[in-house]
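Data block below; observations after.
Just so it is clear, the model here is predicted, and its values are computed rather than measured. Just so it is clear: chains get the letters A, B, ... in the order the sequence lines come, proteins before strands, and each one is counted from 1.
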Amino acid sequence: MLTGLSVSWGIFILIVLLGAGNGLSNGVRSNFNSRATNSVQLWSGRSSMPYHGLMANRTLDFSDRQVKDIDEQLREPEKKSGIIDKQSTVTYGTEYGNYSLRGVDPTYKDIFNLKFDPDGGRFINKNDLKDHSKVVVIDKKIKEVLFKKEPALGKYVKIGSVMFRIIGINSKKEQYGNPTCYIPFTTAQLIYNPNQKFGSIAMTVNGLDSKAENDSFNKKLIGVMSRSLYFDPKDEQAIYIRNAQRDYLQTMKIFRGITLFVFIIGIFTLIAGIVGVSNIMLVSVKERTREIGIRKAIGAPPGSILRSIIIESILITGIFGYLGMVLGIGLTELVNYIMVQTAAHSTSENDMTIFMNPTVSLTYVFISTFILIISGIIAGYMPARRAVRIKPIEAMREE
Amino acid sequence: MITLRDVNKTYYTEATSLHVLKGIDLHIEQGDYVSIMGASGSGKSTLLNILGILDNYDTGDYYLNNKLIKDLSETQAAAYRNEMIGFVFQSFNLINFKNAMENVALPLYYKNISRKKRNAIALEYLDRMGLKDWAYHLPNEMSGGQKQRVAIARAIISQPKILLADEPTGALDSQTTEEVMQLLGELNQTGITTIIVTHEKAVADETRKVIHIKDGLIQNIQHN
Ligand SMILES: Nc1ncnc2c1ncn2[C@@H]1O[C@H](COP(=O)(O)OP(=O)(O)OP(=O)(O)O)[C@@H](O)[C@H]1O
Ligand SMILES: [Mg+2]
C-alpha cells in the first residue's frame, strides 16, 4: 500500500510545482502590467555614424513630424503619445517636492495602464489637449506627500511657477522611478518646450504575436525613424526601442521552459508511482491466481479478466492520485490564502511582486484525472497480461 | 457428441518429456454416462482436461458436437467452455469469498445476464440440489458434500451439453459419495452427457460404460 502513495506523491508534486510555476509566472506577468504588454516606447538619442553627408554626433529629437510618420507609414501602432519629460518642483501650500513632469496625450493612460480609483477623478482628455488646459494628474504618492489626508481633487498646485488644477490621481504604483505629474501634451509644449522637441514616443501595437514579428516591427520602426530623422538605420545610438511585447514573449518562453521542467519531474515521480501500483497489482494477481483460474474454467473470456484487472488498477491509481491532488491543491490554496492575507496588511508600496496567486486551474484537475486514468491503464496492463496468461489447470492445482 | 482420433499429448519439462496420451481413439454419444478408470498417472485428468478444452493436445483430432476443437483462440475456448461444458473437480474449486448463490451464478455473469436474474436462477438450481438454506453461506461454512453440490449446480447452470467430473467423490465419505452419485445420475437422465474420472469401483459401476486407461492408451471399454 505504501508504494501506492508514490502516485499521490507524484500528483502532489506535480500540482504544487505547477502552482509554484504559475505563481512565479503570474507575479512576473503582473510586473509587466506597468505598461500594456503590447506597448512600444522609443527614445531619441545621438547619431554615432555619419549619414548622407550629415555628420555623426548630432542630437536627435522627436517632433510632431515623427508621430505623423509613424501614423502614416506603419499599420501596427494603435494608440500613440509623444512624451515630454521634465523635472519640476511641485508646491501646495507649504509642502513641495521635486517630481518628474510629463506632457502626454490622453492615450498615455492605456499605454501605461494608469489606474483611477472611483473617487480618483479622471485622466487628461481631448478637450484638455485642445484648450491647452492647465490641468494635472498626479501619482498617488505625490498626493500623499503634498496633501496628506486632505482631498486633492480640484485643488491647485504650483508646477514651476504656473498653477495647475488637479483633475485626477493615478493609483497605480510604479515599481521604480520618481513619482510623476501628467499634464496635457499641448500645454507642456506651450509652457515648457518652446522648441517643440521631445525625447520619447510611446504606443500600443496590434497583431504582433511572436518574437519574430516584433523584431521585424522594431526594424520597420527604425527604418521609418531613420528616414524621418536622417540617421543610419544601423546606428545603434540613434534611437532606443523598448518593445514590452518582445520582452514579455521572451519571459513567457522562459516560463514555459520552467513549466516543462516541472512537468518532467512530476512525470518521473508519477512513473515511480505507476511502477508501485503495477507491483501491487502483480501481487494481487498472484494472490488471486486460483480464483482467476476458476473463472477461466467457467468460461471467463480473456477480455473480461483483462478489463477487471485494469479497472482495479485505475481505481487504485485514481484513489491515491486524488489523495495527492487534494493535498496539492490544498497546499497551493493555503499558500495563496496566506499571501492574500499578508498582501492586504502590507504597507510597503514599492515591493516587486515575483510570486502571485500560486494556484492551479480546474484544467489541471482534468488533465491530472486524464493522466491518472492513463497511468492506471499502464500500471494495470502488465499484471493484467499475466492474469490472462494464467492456465486454469495449473492455477486450480495450487492450494 | 465427442469423437477423438489418435489424440497424443506430451508434457515437456526442463529435463525430460512425458508422452502421456499415446493415441486415444474414442467416441461418446450424446446422453452417455461414462466413467474413466486407470492407475495414478495414467493420463485420466489429462484426457478430461483436453475434453473440457482446458488443455490442448499435440496431434490428432477432437470433435465436440461436430466442431473440430483445435487451435482455438482464448476467447473462442472460453465461449465453448461457458456454453457447452460443465466442470466438477475433486477439490470443488469454489471461490471462497463468494457465497454459494454467487458461486453458482458466476457462469451466467459471463453470459451478460443481470445480477438479479442470475441470482434468481442460481437460487432455483441450489433448491434442486437441496441447498436452498445455504445460499448465503460461504464455502468454508459448508461440508464437502454440500460444497460439491454447489459446484455441480454451478457446472450445470448454463445448461451445458456435457458434464466433466474429475474424481468428484475423491474427497467425500461413502455416504456423501452415494448422494452425489445419485445427483449425477439424475442429471444424466435429463440428457446431459456425463463423464466421470474415478478410482472407485462403486462409482464406476453406476455409469453405463467404463473406459480403462493404461500407459496412455485405452485398454478396453467395459459396458455395465
Ligand atoms: N503440467 C504438467 N507438466 C508435466 N507433467 C504433467 C503435467 N500434468 C500432468 N503431468 C504428468 O502426466 C502424467 C499424467 O497425469 P494425469 O494428471 O493425467 O494423471 P491421472 O491419471 O489423472 O492421475 P491421478 O489418478 O493421480 O489423478 C503424470 O505422470 C503427471 O505427473
Ligand atoms: Mg487426475
Side-chain angles (χ1 to χ4, degrees), chain A residues 1 4 277-320 376-399, chain B residues 9 11 45-56 72-98 102-113 118 122 139 150-151 153-160 164-166 171:
Chain A
M1 275 297 124
V277 171
S278 202
N279 274 323
I280 297 176
M281 293 310 299
L282 269 181
V283 170
S284 156
V285 165
K286 223 176 143 80
E287 280 167 357
R288 289 170 50 194
T289 300
R290 187 182 171 85
E291 178 205 331
I292 292 167
I294 294 170
R295 286 175 182 272
K296 289 183 128 187
I298 282 170
S304 94
I305 305 277
L306 198 77
R307 216 166 26 244
S308 71
I309 303 286
I310 285 179
I311 286 173
E312 190 177 326
S313 166
I314 291 174
L315 279 178
I316 291 179
T317 318
I319 288 168
F320 281 118
I377 292 172
I378 295 172
Y381 184 74
M382 257 264 294
R385 292 294 310 180
R386 177 160 304 186
V388 164
R389 278 200 298 271
I390 288 173
K391 290 216 163 54
I393 13 173
E394 283 162 28
M396 288 185 298
R397 237 197 319 262
E398 285 177 23
E399 234 353 305
Chain B
K9 171 79 180 175
Y11 285 118
S45 296
T46 304
L47 176 58
L48 202 73
N49 289 336
I50 288 171
L51 292 178
I53 328 181
L54 284 177
D55 205 350
N56 37 29
L72 297 183
S73 73
E74 278 286 330
T75 313
Q76 272 176 310
Y80 281 136
R81 283 201 292 271
N82 190 252
E83 284 163 23
M84 311 257 272
I85 300 159
F87 259 108
V88 177
F89 304 92
Q90 176 176 2
S91 52
F92 321 123
N93 282 328
L94 299 174
I95 293 175
N96 51 28
F97 58 85
K98 287 184 181 292
E102 290 162 340
N103 264 288
V104 172
L106 202 55
L108 300 183
Y109 169 77
Y110 295 113
K111 285 192 145 128
N112 296 321
I113 291 172
R118 61 177 194 260
V150 171
R154 182 181 66 185
I156 59 171
I157 194 167
S158 54
Q159 298 177 312
L164 304 175
D166 195 348

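The choice from B:A78, B:P107, B:S158 that makes the most heavy-atom pairs within less than 4.5 Å of chain A is B:A78. Per-residue heavy-atom pair counts under 4.5 Å with chain A were compared for B:L106, B:N96, B:I85, and the maximum is reached by B:L106. When each of A:G293, A:S304, A:P392 is scored by its heavy-atom pairs under 4.5 Å with chain B, the top score falls to A:S304.
The number of heavy-atom neighbours closer than 6.0 Å to CD of B:Q76, taken from other residues, nucleotides and ligands shown, is above 12. Heavy atoms from other residues, nucleotides or ligands lying under 6.0 Å from NZ of B:K111 number more than 12.
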Discussion item. Applying side-chain contact (heavy atoms from CB on, under 4.5 Å) to A:R290 and B:I95, what does each step give before you reach the verdict?
Written reply: CA-CA 9 Å; A:R290 187 182 171 85; B:I95 293 175; over 6 Å; no
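Atom CD1 of A:I393 is separated from atom CG of B:N49 by 4.5 Å, given to the nearest 0.5 angstrom. Distance CG/B:D166 to CE/A:M396: 9.5 Å, rounded to 0.5 Å.
Within residues 381-390 of chain A, no residue has any heavy atom closer than 4.5 Å to a heavy atom of chain B.
For chain A, the nearby part of B:F97 is the side chain; its heavy atoms alone come within less than 4.5 Å. With a threshold of 4.5 angstrom between heavy atoms, B:K98 approaches chain A through side-chain atoms but not through N, CA, C or O.
Heavy atoms only, all atoms of each residue included: A:I294 and B:L94 are closest at CD1-O, 3.9 Å. Residues A:K296 and B:R81 come closest through the heavy atom pair O-NE, 2.9 Å. The shortest non-hydrogen separation linking B:F87 to A:A297 is CD1-O, 4.4 Å.
In this structure, B:N82 contributes its side chain and A:I298 its backbone to a donor-acceptor pair below 3.5 Å.
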